Amino acid sequence: MNAVSVNRLCKSYNGVKALDDVSFDVAKGELYGIIGPDGAGKTTLFRILTTLILPDKGTALVQSTDVVKDYSTIRSIIGYMPGKFSLYQDLTVEENLNFFATVFNTTVKENYHLIEDIYKHIEPFRTRRAGKLSGGMKQKLALSCALIHKPDVLFLDEPTTGVDPVSRKEFWEMLMKLKKQGITIIVSTPYMDEAKLCDRIALMQNGKFLRIDTPDNIVASYPYRLWAVRSSSMHILLDDLRSCQGITSSFSFGTCYHATMDETLTVEKLKRYLLDKGHHNIEINEISPTVEDCFMLLLKEDGV
Amino acid sequence: MTEEYVIIAENLTKKFGNFTAVDHITFSVRKGEIFGFLGANGAGKTTAMRMLCGLSHPSDGKGIVAGYDILHESEKVKQNIGYMSQKFSLYEDLKVWENLRLYGGIYGMKDKEISIKMDAVLRSIDMQSEKNTMVRDLPLGWKQKLAFTVSIFHNPKIVFLDEPTGGVDPITRRRFWEQIYSAAASGITVFVTTHYMDEAEYCDRVSIMVDGKIKALDSPQELRKKYSASGMDEVFQKLAREATRKGD
């Protein structure tokens with residue numbers, strides 16, 4: 001049985017298709033990532049699955065329960081952490097947690113084991129008002145509140161947006177632990193490097209799922225050989241790569257450029273071309289693509 | 001003086017009660033440089049940036065931005081800088097040209113100057129045909145492009161970019177950096193914060209703030225060497241893990 005089953009979901013706002021015929025399943029206990037930029041439709045999808053808005057067309061089941069007909073059942077078995085901080089700013093940390101436990105007819109004590117790892121970081125501040133917490137602490141409190149009733153399925157809408165790399169890493173370590181407890185987790189993110197931590201990912205753009213697969217399969221299906229190119233003058237190198245006959249794509253990736261080439265070009269030819277352009281210390285190495293390379297290829301094919 | 005500095009901070013400090021958000025930071029940024037200002041959430045980046053923009057008074061220390069003292073000449077500072085945040089600060093219910101007109105006016109540009117420059121900048125970002133489009137109808141990537149253009153429309157000496165690429169798709173994010181390069185090439189100094197560590201590599205120099213202090217400042221190459229790291233992500237992890245200010 002699937003934890004989530006979505007069939008041909010559509011939702012438009014004033015003629016703009018926020019969700020355009022989206023279908024997918026999430027298995028029980030899976031950590032499922034929805035990867036896409038702002039405006040891709042991630043939040044709309046989350047809000048339908050959490051019964052906050054109605055779809056125009058299509059069906060969605062959460063734990064075999066229909067999100068439209070049986071919305072009240074679903075609300076008691078899911079946890080939802082919206083992208084925007086939505087706790088009570090003028091209640092304390094402790095009051096927020098108690099409030100959410102009470103609303104779901106449980107107590108903090110009963111499910112404390114689930115949140116202990118996360119909550120212990122903010123427990124020293126339990127009498128502080130939520131509005132006075134720092135960003136990282138708010139995030140931990142929001143996750144604790146979404147978990148306190150021991151949900152079957154946890155929906156996290158961009159929990160790491162605007163969060164620094166160290167805190168992002170910590171947050172994902174927490175998600176890995178929750179997964180081990182058997183909770184199904186659906187998480188959206190604009191950060192491609194987080195994709196590889198998911199069991200499966202859906203790459204989303206313009207209301208559509210472009211691909212659904214495991215991160216390994218997505219990377220393995222990249223159809224071209226990919227090259228990391230470096231030289232002593234990086235700023236000029238990008239323009240020179242673009243003007244080189246046979247280079248089919250070139251994108252900056254931190255310390256190097258990732259480039260693909262067609263059959264008219266070889267590494268030797270490219271090296272000679274760049275030498276002629278005055279580059280030194282040229283390095284051209286074949287590399288394995290990342291999820292980000294794959295996503296950019298899909299975006300290009302989609303006409304972005 | 002052989003080099004021209006557009007930002008000079010000397011022991012710049014900001015205290016809130018007995019909490020020292022920014023703790024005696026000293027650094028300078030050259031004209032035309034792309035300077036990455038990194039740090040964990042809560043390290044004091046935003047507070048430091050607000051002081052440099054003339055929006056918040058330092059508790060101690062000194063800052064000169066675009067040639068003006070941030071404490072005594074904060075209005076002059078504001079006139080000579082540009083600012084763009086992740087929220088883009090465009091008026092959604094104004095047209096593209098109206099946004100440019102508005103910001104140009106606010107920064108005291110003459111009508112004639114505005115109309116001459118308007119066509120040139122719209123051409124440069126390939127948005128001439130969108131001149132009369134409402135900003136709310138633009139795709140996100142275009143809004144970002146326009147927001148950056150608006151922030152440097154009055155030809156500031158320096159532009160502050162506060163997480164300008166959060167949430168945009170990977171192709172648009174890279175195009176945006178090309179816009180940053182060309183602004184820097186035209187002599188505008190770029191002061192940028194980001195949580196994308198690949199973008200830290202694109203800066204000429206980066207500083208990393210931890211607990212209100214600048215813990216490291218150098219070119220990405222030198223920082224990678226110094227911390228024997230393969231990328232800036234590793235450098236950042238090594239430094240920011242030492243933070244004692246927790247949770248933010």
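In what follows, every chain begins at residue 1, and chains take the letters A, B, ... in the order their sequences are listed. Quick caveat: nothing in here was measured; it's all calculated off a predicted structure. These numbers come from the heavy atoms of this one structure, side chains and all, not from hydrogens, waters or symmetry mates.
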> Please indicate whether B:Asp126 has more than 12 foreign heavy atoms, meaning atoms of other residues, nucleotides or ligands, lying under 6.0 Å from its CG.
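No.
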> Do the non-hydrogen side-chain atoms of A:Pro165 and B:Asp233 ever get within less than 4.5 Å of each other?
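Yes; the side chains approach each other to less than 4.5 Å.
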> Is chain A contacted by the side chain of B:Glu163, its backbone, both, or neither, given a heavy-atom distance below 4.5 Å?
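Contact with chain A is through the side chain of B:Glu163 alone.
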> When you measure from the side chain of B:Tyr181 to the backbone N and O of A:His235, does any donor-acceptor pair fall under 3.5 Å?
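Checking the backbone N and O of A:His235 against the side chain of B:Tyr181, no donor-acceptor pair under 3.5 Å is found.
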> Determine whether more than 12 heavy atoms belonging to other residues, nucleotides or ligands lie under 6.0 Å from atom OH of A:Tyr13.
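Yes, the 6.0 Å shell around OH holds more than 12 heavy atoms from other groups.
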> Side chains of A:Pro37 and B:Thr172: does their closest heavy-atom pair fall under 4.5 Å?
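Answer no - side chains too far apart.
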> Kindly check if the number of other-residue, nucleotide or ligand heavy atoms within 6.0 Å of OH (A:Tyr112) is above 12?
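Yes - once you tally the heavy atoms of other residues, nucleotides and ligands closer than 6.0 Å, there are more than 12.
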> Between B:Arg175 and A:Phe251, is NZ or CZ placed under 6.0 angstrom from the six-membered ring centre and within 45° of the ring axis?
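Judged by the rule, B:Arg175 and A:Phe251 form no cation-pi pair.
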> Indicate yes or no: does B:Glu178 engage A:Arg242 in a salt bridge with an N to O separation below 4.0 Å.
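Yes, B:Glu178 and A:Arg242 are salt-bridged.
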> Are A:Met234 and B:Gln221 side-chain neighbours, meaning at least one heavy-atom pair lies under 4.5 Å?
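With C-beta onward as the side chain, the pair stays apart.
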> Would the number of heavy atoms belonging to other residues, nucleotides or ligands and lying under 6.0 Å from NZ of B:Lys238 be above 12?
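Buried by this count: over 12 neighbours within 6.0 Å.
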> Quick one: what part of B:Asp204 sits under 4.5 Å from any heavy atom of chain A, side chain, backbone, both or neither?
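When you check distances to chain A, only side chain atoms of B:Asp204 fall under 4.5 Å.
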> Do the non-hydrogen side-chain atoms of B:Arg174 and A:Phe253 ever get within less than 4.5 Å of each other?
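Sidechains of A:Phe253 and B:Arg174: in contact.
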> Are the side chains of B:Arg173 and A:Met296 in contact, using a 4.5 Å heavy-atom criterion?
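Not touching, per the 4.5 Å side-chain cut-off.
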> Check whether any side-chain heavy atom of B:Arg224 sits under 4.5 Å from a side-chain heavy atom of A:Thr255, and report yes or no.
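Yes, their side chains come closer than 4.5 Å.
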> Answer yes or no: is there a side-chain heavy-atom contact under 4.5 Å between A:Asp38 and B:Val168?
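Not in contact.
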> Let's test your reading of the structure: which of A:Ser252, A:Gly36, A:Gly162 forms the most heavy-atom pairs below 4.5 Å with chain B?
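Ranked by heavy-atom pairs under 4.5 Å with chain B, first place is A:Ser252.
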> Just so I know, are the side chains of B:Phe236 and A:Asp164 near enough to count as touching, which here means a heavy-atom distance under 4.5 Å?
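Contact flag for B:Phe236/A:Asp164 side chains = yes.
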> To check you understand the geometry: which heavy-atom pair defines the closest contact between A:Pro190 and B:Gly167, and what is its length?
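Taking every non-hydrogen atom into account, CB-CA, 4.1 Å.
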> So how far is it from A:Ile35 CD1 to B:Asp169 CG, rounded to the nearest 0.5 Å?
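Here the rounded value is 13.5 Å.
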> Could you report the tightest heavy-atom contact between B:Tyr202 and A:Gly254, atom names first, then the distance?
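Closest heavy-atom pair between B:Tyr202 and A:Gly254: OH-N, 3.1 Å.
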> Between A:Val163, A:Asp193, A:Leu238, which shows the greatest number of heavy-atom pairs under 4.5 Å with chain B?
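The residue among A:Val163, A:Asp193, A:Leu238 with the greatest pair count is A:Val163.
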